[in-house]
Engineer: 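Pasting in a structure now, in structure tokens, and then I'll have a few things to ask.
Reminder, nothing fancy here: chain letters follow the sequence lines and each chain counts from 1.
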Number of protein chains: 2
Amino acid sequence: MADRSSHSTKPIRTPLSGEDDLDLSVIELFFFAYRDFTSDPDQILEAYGFGRAHHRVLYFVNRKPGLTVAELLDVLQITKQSLARVLKQLIDTGHIVQVQGPRDRRQRELYPTGKGRQLALDLAKPQSRRIRAALESVDGSARAVIQDFLKAMVNPELRPQIDHLPSAGAISKGADE
Amino acid sequence: MADRSSHSTKPIRTPLSGEDDLDLSVIELFFFAYRDFTSDPDQILEAYGFGRAHHRVLYFVNRKPGLTVAELLDVLQITKQSLARVLKQLIDTGHIVQVQGPRDRRQRELYPTGKGRQLALDLAKPQSRRIRAALESVDGSARAVIQDFLKAMVNPELRPQIDHLPSAGAISKGADE
DNA sequence: AAAAATATGTCAACATAGCTGACATAAATT
DNA sequence: AATTTATGTCAGCTATGTTGACATATTTTT
């Protein structure tokens, strides 16, 4: 019987498994780990009527206060129309404020307010707790290895983005009022 | 001037950084790593008119052929209405077939076809390549540490799900025709 | 045997978060 | 003065999730 394009519709009963050069265990661990990693903040955000998109915006604005709209779009890799909606909500609810760029007045620098900083902290806490617990359950020296691994998973051409964030080690010297 | 709920709208200029017990570097590395990890298959799926949802269904059906709809819903943690759409497309395009459960004839066992297996392989390859490259860039003994870490990131009550997948090591004994 | 529970499917309506394309405005650059 | 750039906004589309209601076949319980 003619089956389309050389494949039959016969059910395959053998599980796909990492014989060849397939690393299925890391693939699926990554999937499950990320799913649960994002579930912590998702629950908190629900109470605010926010979603994961708001979280990402809030996170990076807190991580690099004063970043412009264009820079944020670059990090998030979404369109400005897509950003507009969530950003507007975060501004309307007083989590983020816009400041006209001091050099280039076309630019809008984005800053968290006290409220926005507090929410960012609240969202980061359960995630940090999960990470800490996971690190404790493995070797003590694992931390550097895991960071290196995760960084190596990122596209090389996009790694500069990460490096340009104020590193957890080297705190930048800005003084708030 | 009265500001709502004890917070001012004054812009905060200090970057959020991991002073307290905040593990920002792993938080953001995880975000970037997962983003790029999923971008490989996304590109392939586009050619088929499929999305990430199709990928997940196809993946787990290949990983555990014969799983029922209910089991799949359990793994994916979505509603049956949500699953219905993508599953229908995968069946219509001949990537997955349904077989009436042999014991309980209400159940629908899901199996990949040759075509569905092939696509699953094509999607897993670039992800495995990325993982392999990342593992090579770190210590050789890192593999076990990273797997343990990722597993520890998963909610304890959901870990059985992972363990019940045919592990890359112990291949189950099913014989295809 | 009848009733209840279960596994699945389906219809309709809705929400979120992404997208493209088009156009407007203000400010900077040429 | 003309052009480019940074941002904003309108309108409509898609993908993927949601809830609620209901239908059907089959199994389990009474």
Engineer: Please identify each residue that fulfils side-chain hydrogen bond (donor to acceptor under 3.5 Å, both in side chains) with A:Arg106, with sequence neighbours left out.
Structural biologist: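 side-chain hydrogen bond (donor to acceptor under 3.5 Å, both in side chains) check on A:Arg106 returns A:Asp104.
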
Engineer: For A:Phe37 and B:Phe31, I'd like to know if the aromatic rings sit close, meaning centre-to-centre distance below 6.0 Å.
Structural biologist: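 No.
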
Engineer: What distance separates B:Tyr111 OH from B:Glu109 CD, expressed to the nearest 0.5 Å?
Structural biologist: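 It comes to 3.5 Å.
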
Engineer: Which angle, to the nearest 10 degrees, lies between the helix axes at the two ends of the helix from C:dA1-D:dT30 to C:dT30-D:dA1, each defined by five pairs?
Structural biologist: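 Nearest ten degrees gives 20° for this helix.
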
Engineer: Between D:dC10 atom P and A:Arg85 atom CZ, what is the distance in whole Å?
Structural biologist: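 So the CZ-P distance, A:Arg85 to D:dC10, works out to 12 Å.
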
Engineer: Run the side chain to side chain contact (heavy atoms under 4.5 Å, CB included) test against B:Glu157 and tell me which residues pass, sequence neighbours left out.
Structural biologist: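 Applying side chain to side chain contact (heavy atoms under 4.5 Å, CB included) to B:Glu157 gives B:Asn155.
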
Engineer: Okay, side chain of A:Gln107, backbone of A:Thr68: is any donor-acceptor separation there less than 3.5 Å?
Structural biologist: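 The answer is no, because no donor-acceptor pair under 3.5 Å joins these two groups.
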
Engineer: Could you tell me from which nucleotide to which nucleotide of DNA chain C, 5' to 3', there is an atom under 4.0 Å from chain A heavy atoms?
Structural biologist: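 On DNA chain C, the outermost contacted nucleotides are C:dA17 to C:dA28.
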
Engineer: Got a sec, which residues hit side chain to side chain contact (heavy atoms under 4.5 Å, CB included) with B:Ala142, two or more places apart in sequence or on another chain?
Structural biologist: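 Expected list: A:Val145, B:Val138, B:Asp139, B:Ile146.
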
Engineer: I need the residues from residues 72-79 of chain B with at least one non-hydrogen atom less than 4.0 Å from DNA chain D; give them sorted by number, or say none.
Structural biologist: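 Those residues are B:Gln77, B:Ile78, B:Thr79.
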
Engineer: Suppose we screen for side-chain hydrogen bond (donor to acceptor under 3.5 Å, both in side chains). Which residues come up paired with A:Arg143, at least two apart in sequence or across chains?
Structural biologist: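 Expected list: B:Asp23.
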
Engineer: For B:Phe30 and B:Phe149, take the angle between the two ring planes, folded into 0 to 90°, and tell me which bin it lands in: parallel under 30, tilted 30 to 60, perpendicular over 60.
Structural biologist: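 Perpendicular.
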
Engineer: Which part of the nucleic acid does B:Glu71 contact within heavy-atom distance under 4.0 Å: base, sugar-phosphate only, or nothing?
Structural biologist: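 If one applies the 4.0 Å heavy-atom cut-off, B:Glu71 turns out to touch nothing in the nucleic acid.
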
Engineer: Could you tell me how far apart A:Leu110 (CG) and D:dA6 (P) are, to the nearest whole angstrom?
Structural biologist: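 Whole-Å distance recorded here is 15 Å.
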
Engineer: CD of A:Gln98 to CG of A:Leu110: how many Å apart, nearest 0.5 Å?
Structural biologist: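 Reported to 0.5 Å precision, the distance equals 5.5 Å.
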
Engineer: Could you walk me through whether A:Val69 and A:Leu83 pass the side-chain contact (heavy atoms from CB on, under 4.5 Å) check?
Structural biologist: CA-CA 9 Å; A:Val69 170; A:Leu83 172 63; 4.0 Å; yes

Engineer: So which of residues 29-53 of chain A are in contact with DNA chain C, with a heavy-atom cut-off of under 4.0 Å?
Structural biologist: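 Nucleic-acid contacts, sorted: A:Gly51, A:Arg52, A:Ala53.
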
Engineer: For the residue pair B:Tyr59 / A:Glu28, report whether a side-chain donor-acceptor contact shorter than 3.5 Å exists.
Structural biologist: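 The criterion, which ignores hydrogens and geometry beyond distance, is satisfied for B:Tyr59 and A:Glu28.
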
Engineer: Could you write nucleotides 25-30 of chain D as a row of B, S and -, 5' to 3', where a protein heavy atom under 4.0 Å of any base atom gives B, of only sugar-phosphate atoms gives S, and otherwise -?
Structural biologist: BBS---

Engineer: Distance-only, no hydrogens or angles: does the B:Arg159 side chain make a donor-acceptor pair with backbone N or O of B:Val154 under 3.5 Å?
Structural biologist: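 Looks like yes, one N/O pair under 3.5 Å.
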
Engineer: Taking side-chain hydrogen bond (donor to acceptor under 3.5 Å, both in side chains) as the test, write out the residues that go with A:Lys88, two or more places apart.
Structural biologist: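 Listed in chain order: A:Asp92.
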
Engineer: Just the rounded figure in Å: distance from P of D:dT9 to CD of A:Gln89.
Structural biologist: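 Distance check: A:Gln89 CD to D:dT9 P gives 13 Å.
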
Engineer: Which residue lies toward the 5' end of DNA chain C, A:Lys80 or B:Gln107, if each is placed at its nearest nucleotide?
Structural biologist: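 Nearer the 5' end of the strand: B:Gln107.
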
Engineer: Checking side-chain contact (heavy atoms from CB on, under 4.5 Å) for the pair A:Ser128/B:Asp21: CA distance, chi angles, key distance, verdict?
Structural biologist: CA-CA 7 Å; A:Ser128 293; B:Asp21 40 2; 5.9 Å; no

Engineer: For A:Lys151, what residues pass the side-chain hydrogen bond (donor to acceptor under 3.5 Å, both in side chains) criterion, not counting sequence neighbours?
Structural biologist: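 With sequence neighbours excluded, A:Lys151 shows a side-chain hydrogen bond (donor to acceptor under 3.5 Å, both in side chains) to A:Asp163, given in chain and number order.
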
Engineer: State whether B:His54 places a side-chain N or O below 4.0 Å from either non-bridging phosphate oxygen (OP1 or OP2) of D:dA15.
Structural biologist: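 No, because none of the side-chain N or O atoms of B:His54 sits under 4.0 Å from OP1 or OP2 of D:dA15.
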
Engineer: Table please: side-chain donor-acceptor pairs of residues 40-53 of chain A below 3.5 Å, with sequence neighbours left out.
Structural biologist:
| unit_1 | atom_1 | unit_2 | atom_2 | d |
| --- | --- | --- | --- | --- |
| A:Asp40 | OD1 | A:Arg130 | NH2 | 3.0 |
| A:Asp40 | OD2 | A:Arg130 | NE | 2.9 |
| A:Asp40 | OD2 | A:Arg130 | NH2 | 3.3 |
| A:Asp42 | OD1 | A:Arg52 | NE | 3.4 |
| A:Asp42 | OD2 | A:Arg52 | NE | 3.4 |
| A:Asp42 | OD2 | A:Arg52 | NH2 | 2.7 |
| A:Arg52 | NH2 | A:Thr38 | OG1 | 3.3 |

Engineer: Indicate, with a heavy-atom threshold strictly under 4.0 Å, whether A:Glu109 touches base, sugar-phosphate, or nothing.
Structural biologist: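 No contact at all - A:Glu109 keeps every heavy atom at 4.0 Å or more from the nucleic acid.
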
